[in-house]
Amino acid sequence: MKLAIDRGRVLSEIEALASFSDAPPPSVTRIVFTPTDRRARAWLNERFEEAGLKARQDAIGNVFARWSGSDPTAPVVGTGSHIDAIPDAGKYDGVVGVLGGLEAIRALRRSGFRPKHSIELLVFTSEEPTRFGIGCLGSRLLSGTLSADAAAKLTDSDGASVEQVRFAAGFTGELATVKLADDYYKAFLELHIEQGPILEREHVPLGLVTHIAAPATLRMSVEGSGGHAGAVLMSDRRDALCAASELILAIENAARNSGATDSVATVGICEIFPGAVNSIPSLVRLGVDIRDTELHRRDSVIHQIEEASRAISEKRGVSIRTELLNADPPADCDSAIVDALAQSCKNRGLNFLPMTSRAYHDSLFMARIAPVAMLFIPCRSGYSHRPDEFASADDIARGIVVLADTLGALSA
Ligand code: GLV
Ligand code: MN
Ligand code: MN
């Protein structure tokens, strides 16, 4: 199929979307259901309308922009990603899959192609865990991984529930209606930056994901005893931060000592109370992210963290509470869709690498209700979740053309 990708337009749309941010450029911060997120969504809906797509949104705010096929009853071919961005992020994570998906659809339309299966561009709500503690809120609900009741009870750091926050943002309706039927999709494809260094290092322009690693998140709290930083003697202290420091190092060691380079653990949140220089910390809250390509190894790292927390609690006289927010299995991509992506790469003379995604994505959950595959493009130095995240115009355009070919092949 002859397809012309309007890379200038995609690049300018990436810049425009980045301007909806609660951090100064080049950082992008766009947290779900904030006024900034809502403005970005409104801007995006205008782009969908301009492209002739009919958009609907569900009760959690997942958006489905549809190009109706000649057989509207045939299962849908989906593509898309997310536009929420963690604090101090870059412009490309998720956005390349949404705006790249939009341009792939526009290019197919311009070429005169008419699909038999409808093609839907999805914008998932809250792929990032920033606000509600767990990632992929929209795709967990769509796939039935998370029940409506459990989702409604999640709260943000101000104690506001998903129900309160989504209603205030104008997303009403019953969460129970978000789940899609198991036969809704023929296929789902997600274009994304790699978020790691392999493609760039190997000088390969495209990665075909075959496997998505298993993520888990813990919320841990360490409670000791506060007091005056001058008056309480060292021998009388039960300092929550000193205990948490030991715990943080034990978490690092648990991943380092697993025997596999695929085991990773990160303490990305550390909140200290009361947070005054002359006050002994009485409470520390940690957010812990643990991942592995192998489920049993990921779970054994969690087990070691629990053992370490018991030992530290006893030794330091503090109480440590652990809440498991999510522990998800890995997912395999569908070999027929991966083959369709590979066929497009071959037709276009593009080199590709089969690879594992160590980051999680909405595709991890879409894999429960649809055959999925992911297409990675390189990002500079493998940087992601930081303001200097960058993907080149050539790499973005290559990703879009292969995505468009494959959407065309699957929807014909
Ligand atoms: C997604 O943002 C992830 O943390 O893998
Ligand atoms: Mn991300
Ligand atoms: Mn992402």
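The figures here come from the full heavy-atom set of this structure, side chains too, leaving out hydrogens, waters and symmetry mates. When a ligand or atom number is given, it counts from 1 through the structure's own listing order. The chain is numbered in sequence order, starting from 1. Not measured: the values here are computed from a predicted model.
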*Assign the ring pair H361 / H192 to parallel, tilted or perpendicular, where the plane angle (0 to 90°) is split at 30° and 60°.*
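Judged by the thresholds at 30° and 60°, the geometry between H361 and H192 is perpendicular.
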
_The test is side-chain hydrogen bond (donor to acceptor under 3.5 Å, both in side chains); show your working for D88 and H385 and say whether it passes._
CA-CA 7 Å; D88 247 336; H385 284 185; over 6 Å; no

*asked:* Which protein residues come within less than 4.0 angstrom of ligand 1, counting heavy atoms only?
replied: E127, E128, R291, A359, Y360, H385

*For N45, which residues count as a side-chain hydrogen bond (donor to acceptor under 3.5 Å, both in side chains) partner, sequence neighbours excluded?*
none

_Residue that, paired with V209, satisfies side chain to side chain contact (heavy atoms under 4.5 Å, CB included) out of P354, S363, S357_ = S357

*Sequence-distant partners of R38, side-chain contact (heavy atoms from CB on, under 4.5 Å), two or more places apart*: A169

_Counting the benzene-type ring for Trp, do F188 and F124 have ring centres under 6.0 Å apart?_
yes

_Residue from R41, R166, R140 passing side-chain hydrogen bond (donor to acceptor under 3.5 Å, both in side chains) with T125_ =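 Passing option: R41.
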
*Under 2.8 Å from the Mn ion (ligand 2), how many protein N/O/S atoms can be counted?*
3

_For a 4.5 angstrom cut-off between non-hydrogen side-chain atoms, does D394 reach R398?_
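Yes, side chains in contact.
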
*So do the side chains of M1 and S111 get within less than 4.5 Å of each other, counting heavy atoms only?*
yes

*Any chance you could lay out the ring pair (Phe, Tyr, Trp, His ring centres under 6.0 Å) test for F171 and F33, step after step, and finish with the verdict?*
CA-CA 9 Å; F171 298 95; F33 298 145; 5.1 Å; yes

*Using a cut-off of strictly less than 2.8 Å, determine whether H192 has an N/O/S atom near the Mn ion (ligand 3).*
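So H192 counts as coordinating the Mn ion (ligand 3), yes.
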
